[in-house]
Structure formats: structure tokens, C-alpha cells
Amino acid sequence: MTAFSAPSSFIKFSRRAGIVATAVAVNGAVYLAINNRQPPDSVVVTPSTLDSALGLHAWTIWPYWLLLALAPAMALSIRDRRIFVATMRSYVVALALNVALWLAIPTRLPRAALPDGLDAATAAAWRLLLALDAPGNCFPSGHVTLPIVIAAGFATQYPRLAPFAWFAIAALVPTVITTGQHVAIDILGGIATALIGLVLTRHPFLRRGGVDAALLANQRNATDARPQAP
């Protein structure tokens with residue numbers, strides 16, 4: 001259990017960047033390795049009424065890519081060492097849960113053909129996605145799990161900005177449906193593995209007292225770093 005009763009220390013940006021880059025590379029390699037080796041008897045996901053109501057919209061490829069970039073960006077901004085470490089620990093556990101489910105229950109969602117007449121940039125964004133991401137690993141959605149886990153760390157570090165982080169996720173998550181990458185049940189699965197990862201690692205976001213103490217520690221660090229009057 002992480003203690004927040006004593007002042008914490010900040011982790012350097014270069015170290016954060018190295019850890020986040022490694023996590024992104026490992027996550028991508030594991031995801032693609034499983035995704036590109038789907039068994040022929042994998043479960044074909046059927047869109048629900050909600051999925052059909054949302055529909056498919058080619059332009060949502062842009063907020064979809066933004067969702068993919070959101071988790072690394074938030075992770076890089078977590079300066080407190082213990083919050084960062086706790087968040088990456090939750091990240092690893094949540095990712096392991098996703099991997100176990102991808103292997104135990106392989107799923108795929110056949111993709112619809114892209115409409116004609118897309119502008120060059122949007123068409124290129126789609127070609128990149130389709131070249132990298134096969135139509136598998138649907139349940140649970142890792143595109144939902146990881147932003148939620150990282151947002152918990154971000155919200156712990158910056159409680160005043162927490163509403164903006166959660167709003168951004170809520171606004172961007174539907175694009176996993178409108179781009180035809182997932183269905184609603186995949187989103188629920190992604191939320192579930194994120195919450196399980198946070199609970200199993202006892203992330204400080206789930207402990208209000210720990211959050212308050214962490215913020216107090218950060219304030220003390222900032223005060224101690226100020227030049228003292230002669």
C-alpha cells in the first residue's frame with residue numbers, strides 16, 4: 001500500500017518519457033502480436049442497437065487517434081513519483097487482464113468498406129489504422145482501459161483538472177464505435193478491466209485521504225524549493 005504521509009519527490013521528465021515510451025512500445029507489440037494471429041474460430045461481434053444508432057462516420061478517425069494519444073500525454077504530465085509509479089502499476093495489471101481476455105475469448109469485428117470521396121488526409125489516417133490494426137481484440141477495448149487508468153493518475157496529481165480529463169475521455173470514447181473498431185459491450189469491458197486494475201493495485205485515486213496527503217506533499221515540495229529570504 002502506497003503511503004502519502006510524507007513529502008513525495010518528483011520524477012524527471014526524461015525518466016517519465018522513457019518509461020511511458022517503453023510502456024507504449026510493449027503494449028503495442030503485445031496487442032498487435034495477438035491481434036494479427038486471430039484463430040479462425042474467433043467470436044464475431046454483433047453490433048447492438050446502440051452501435052447501429054451511433055453509426056459509422058469516417059471523420060471520427062481524427063478524435064479516435066486523439067484518444068490513442070491521450071493516455072501517453074496524461075502519463076507524461078504526472079510528476080509525483082509515487083502517483084506515477086502507482087499509475088503505471090495499475091496500467092500493467094489492467095493490460096494483463098485485457099491480454100488474458102483477448103487470448104481466452106478471441107473476438108473480431110468485420111470492418112465496413114470506407115466511403116468514397118474522403119479527403120487525402122482522412123484517407124491517409126484510415127490507411128494507417130487499417131495497416132496497423134487487424135479487426136480483432138475487440139473485447140475488452142484497450143482503447144478504453146488505458147486512458148481510464150492513466151486519467152486516474154492524472155486526476156490524483158491535478159484534481160482541479162480532473163473534470164476536463166474525464167470529459168475528454170467521455171467525449172472521445174464513442175469514436176471506437178463510430179470508426180467500427182469496437183461495439184458498446186467492448187467499452188463496458190474496457191471500463192471494467194480499468195477499474196479492476198485500479199482496485200487490485202489500490203491506486204491512490206480510490207483513497208481520498210491518500211489523494212489529499214499527496215497534494216499536501218506536493219505543496220510542501222514546492223514551498224521547500226522556493227529560495228529562502230536572507
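Values below: every heavy atom of this structure, side chains too, minus hydrogens, waters and symmetry copies.
Interatomic distance, CD1 of I105 versus OG of S42, reported as 12.5 Å (0.5 Å rounding). Here CZ of R81 is found 9.5 Å from NZ of K12. Values are rounded to the nearest 0.5 Å. Atom CG of L68 is separated from atom OG1 of T175 by 8.0 Å, given to the nearest 0.5 angstrom. Between L195 atom CG and H203 atom NE2 the span is 12.0 Å, to the nearest 0.5 Å. The line from CD1 of I191 to OG1 of T145 is 8.5 Å long, rounded to the nearest 0.5 Å.
In the hydrophobic clustering of this structure, F139 does not group with V176; members are Ile, Leu, Val, Met, Phe, Trp, Tyr whose side-chain heavy atoms approach within less than 4.5 Å, directly or through other members.
With a 6.0 Å radius and a threshold of 12 heavy atoms from other residues, nucleotides or ligands, R79 has its CZ atom at or below the threshold.
Of the possible donor and acceptor atoms, one in the side chain of T107 sits under 3.5 Å from a partner among the backbone N and O of C138. In this structure a side-chain-to-backbone donor-acceptor pair under 3.5 Å is missing from Y64 to L172. A distance-only check finds a donor-acceptor pair linking the side chain of R16 to the backbone of I11 [under 3.5 Å]. For the pair W126 (side chain) and A58 (backbone), a donor-acceptor distance under 3.5 Å is present.
Between the side chains of T122 and W59, no donor-acceptor pair of N or O atoms lies under 3.5 Å. A donor-acceptor pair shorter than 3.5 Å can be found between the side chains of T60 and T178.
V43 shares a hydrophobic cluster with no other residue; no ILVMFWY side chain has heavy atoms under 4.5 Å from its own. Grouped by direct or indirect side-chain proximity (heavy atoms under 4.5 Å, Ile/Leu/Val/Met/Phe/Trp/Tyr only), L97 sits with V93, I196, L200.
The aromatic ring centres of Y31 and W102 sit less than 6.0 Å apart.
Taking the side chain to side chain contact (heavy atoms under 4.5 Å, CB included) definition, one finds that R111 meets it with L130, D133, P135, Q181, sequence neighbours left out. In terms of the side chain to side chain contact (heavy atoms under 4.5 Å, CB included) criterion, residue partners of P72 (sequence neighbours excluded) are, by chain and number, V20, V24. Take S48 and apply the side chain to side chain donor-acceptor pair (under 3.5 Å) test, not counting sequence neighbours, and it matches D51. Under the rule for a side chain to side chain contact (heavy atoms under 4.5 Å, CB included), the partners of A134 that lie at least two apart in sequence or sit in another chain are N35, N36.
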| request: Mind running side chain to side chain contact (heavy atoms under 4.5 Å, CB included) on R108 and V44 for me, showing each step along the way? | output: CA-CA 5 Å; R108 59 187 174 90; V44 177; 3.4 Å; yes

| request: Start with the C-alpha distance between V183 and I177, add both sets of side-chain angles, then the distance that settles side chain to side chain contact (heavy atoms under 4.5 Å, CB included), and finish with yes or no. | output: CA-CA 5 Å; V183 294; I177 295 177; 5.6 Å; no

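Between H182 and H143, the ring planes lie perpendicular to each other; the angle is over 60°, past the 30° to 60° tilted range.
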